[in-house]
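What you are looking at is a predicted structure, and each value in this text was computed from that prediction instead of being measured. All chains are named by letter (A, B, ...) in the order of the sequence lines, taking the proteins before the strands, and each is independently numbered beginning at 1.
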Amino acid sequence: MKRAIVIAGITAVALAPFAFNSQYLVNIAMLTALSAVMGQAWNIAGGFGQMTSFGHAAFFGVGAYTAAILQTRWGLSPWLGLPASFVTGGLLGGFIGILSFRAGLRGSYFALVTLAFAEVLRVLANSLDFTRGGLGINIPLKQGLANFQFHNRQSTYALVLLMLVLTTGVAMFIKRGRFGARLVAAGENEDAASALGVDLVRTKTIGLATSGAFTALAGVVYTQTYLYIDPSIAFGVERSIEMLLVAMIGGAGTIAGPILGAIALHAVAETSHFFIDAPGFAPLLYGATLLVIIGFLPRGIAGLGARWSRA
Amino acid sequence: MLEVRKLSKRFGGLQAVRDVDLDVAAGSITALIGPNGAGKTTTFAIIAGFIKPDDGRVRLAGQDVTGWRPDRIAAAGMARTFQITQPFAALTVAENIRVGSYLRCRSPAEAMRRARSIGEELGLGPQLDLAAGALTVAGRKRLEIARAFATLPKMLLLDEVMAGLNPTEINEIIGLIRSIRDRGVTILLIEHVMQAVAALSEHIFVLAEGAVIAQGSPQEIANAPAVIEAYLGKGAAERMQRHA
């Protein structure tokens, strides 16, 4: 019964933007859902496996550039950008994972390595001709379903919503299965997990690759929506922080967490625009929100729900 | 079942383990005792793959497993517990045990069924759905054993599973270890609680300053001068003899 109410509530919130007339509001809804997709993808590595990445923009950016380069250089359909980015994001995750986990990096050391990877990619994208350097890549405007460009923001929102359902489904599937249990065990306590037969490098690398692959998909949608990508949009630290915040505010390691976190974060950010519209205020607010969450709700908003249902 | 030859490990200037030979017969309960700092836990860690030895071999059921990763050793049939218990705090007790079951079982439902049945068997029945972090010391020790046992090992290494328990709890754990052995699992245990060592083990190895100084039945060990000296200091055996 309780479950039915929750599901009905979620469906109502998710479908409400289709009734909005304001493209501004639909755009906010779309960005919120996109944050939730990225947060959910981050959660697979950072939540389940406790691989606290500070550089998930690396995957977002690689996804965005993969799709942009494929269509502007080789004229391939942007729809092919989705599977291609999924692969490049996954490969990057596998690469970072093998390097870091073979070296036994975890915790803040792993966080720093991921941050460094995102920064290296940003610098590379800024200086290489292949990515058109600091100019960035413009995607020619050719609206239509075949070009993965929608006149109507609601169509983009529908697509992002589908991706959110898919990513959430994958996260649930992982969490309930053997792989997920071993990933959580490896995240909780490496010695105990390996004593029980968990191959740490393999398990964590697969976790990070899966996370990277789904994060890259969000990069493709972003590129196709705004038709422009440059190194700081793609690989900027803000993007990495956004994913981490969304998952941690909502409740890292839970399925509902990234969705709740995305809604909370965007609600705070958008309402704050009405009061103070100074540049740099939003990051300040994000930081304050995270401090409040860590101080009072270490298990995020989802942890609050668990507390209520137990009481 | 387990055959250790000339095992050595040096940490900087400290020779933690020196030419250790151990033999554990299949189906037996064998104890490894010795004063604090004798190198027992280091020996365990080397056998289970957590520390690479400088020298020496470890053979499990005839297979050379020296220098293997811990997860491969677990897969080969040797499980260990930790002296300082290491529960997965965010998981329930049953989910903790299930991580062990997953080594030999792919299906989540079947792994959970096995985990719950092992939990019931080892006296964790009422706590199965609690968070593992909420267990008492005795509960955590049981969980360590249950998790390791859930990997269906041929050989189980128990590192001080009775430390910090009261006499009633110790007696329960003694019964539990016997019942695991009766299921065909060979057991090697590190223990300071002599009541338990005497009650359980058929063979004892005594380690002091990284080397095996004595071995034999509990009776032989209790009377061995080298052992008395290792615990009580040089000349202690002689003084005891004089006073006797």
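Atom CD1 of Ile294(A) is surrounded by more than 12 heavy atoms from other residues, nucleotides or ligands within 6.0 Å. Surrounding CZ of Phe179(A) are more than 12 heavy atoms belonging to other residues, nucleotides or ligands, all under 6.0 Å away. In the displayed structure, Phe11(B) atom CZ is contacted under 6.0 Å by more than 12 heavy atoms of other residues, nucleotides or ligands. The number of heavy-atom neighbours closer than 6.0 Å to CZ of Arg5(B), taken from other residues, nucleotides and ligands shown, is above 12. Enclosure of atom CZ in Phe54(A) is not indicated, since only 12 or fewer non-hydrogen atoms of other residues, nucleotides or ligands lie within 6.0 angstrom. The number of heavy-atom neighbours closer than 6.0 Å to CZ of Arg102(A), taken from other residues, nucleotides and ligands shown, is 12 or below. The local environment of CZ in Arg106(A) is sparse, with at most 12 non-hydrogen atoms from other residues, nucleotides or ligands closer than 6.0 Å.
The two residues Ala74(B) and Ala195(A) have their closest heavy-atom pair at CB-O, 3.4 Å. Across every non-hydrogen atom of Ala90(B) and Glu188(A), the tightest pair is CB-OE2, 3.0 Å. Among all heavy-atom pairs drawn from Arg176(A) and Tyr102(B), the shortest one is O-OH, 4.1 Å.
Judged purely by atom type and a 3.5 angstrom limit, Gln86(B) has no side-chain atom pairing as donor or acceptor with the backbone of Asp191(A).
Heavy atoms closer than 4.5 Å to chain A are found in both the backbone and the side chain of Pro70(B). Heavy-atom distances place both the backbone and the side chain of Phe88(B) under 4.5 Å from chain A. Heavy atoms closer than 4.5 Å to chain A are found nowhere in Ala109(B), neither backbone nor side chain. Contact annotation for Phe82(B): only side-chain heavy atoms (C-beta onward) come within less than 4.5 Å of a heavy atom of chain A. Residue Ala111(B): no heavy atom, backbone or side chain, is found under 4.5 Å from chain A. Of the two parts of Arg106(B), the backbone and the side chain both hold a non-hydrogen atom closer than 4.5 Å to a non-hydrogen atom of chain A. In this structure, the portion of Leu91(B) lying under 4.5 Å from any heavy atom of chain A is its side chain and not its backbone.
Atom OG of Ser194(A) and atom CZ of Arg80(B) lie 9.0 Å apart (nearest 0.5 Å).
Under the side-chain contact (heavy atoms from CB on, under 4.5 Å) rule, Val99(B) has a single partner from Leu196(A), Asn189(A), Val184(A), which is Leu196(A).
Looking only at side-chain heavy atoms (C-beta outward), Val198(A) and Asp71(B) stay at 4.5 Å or farther from each other.
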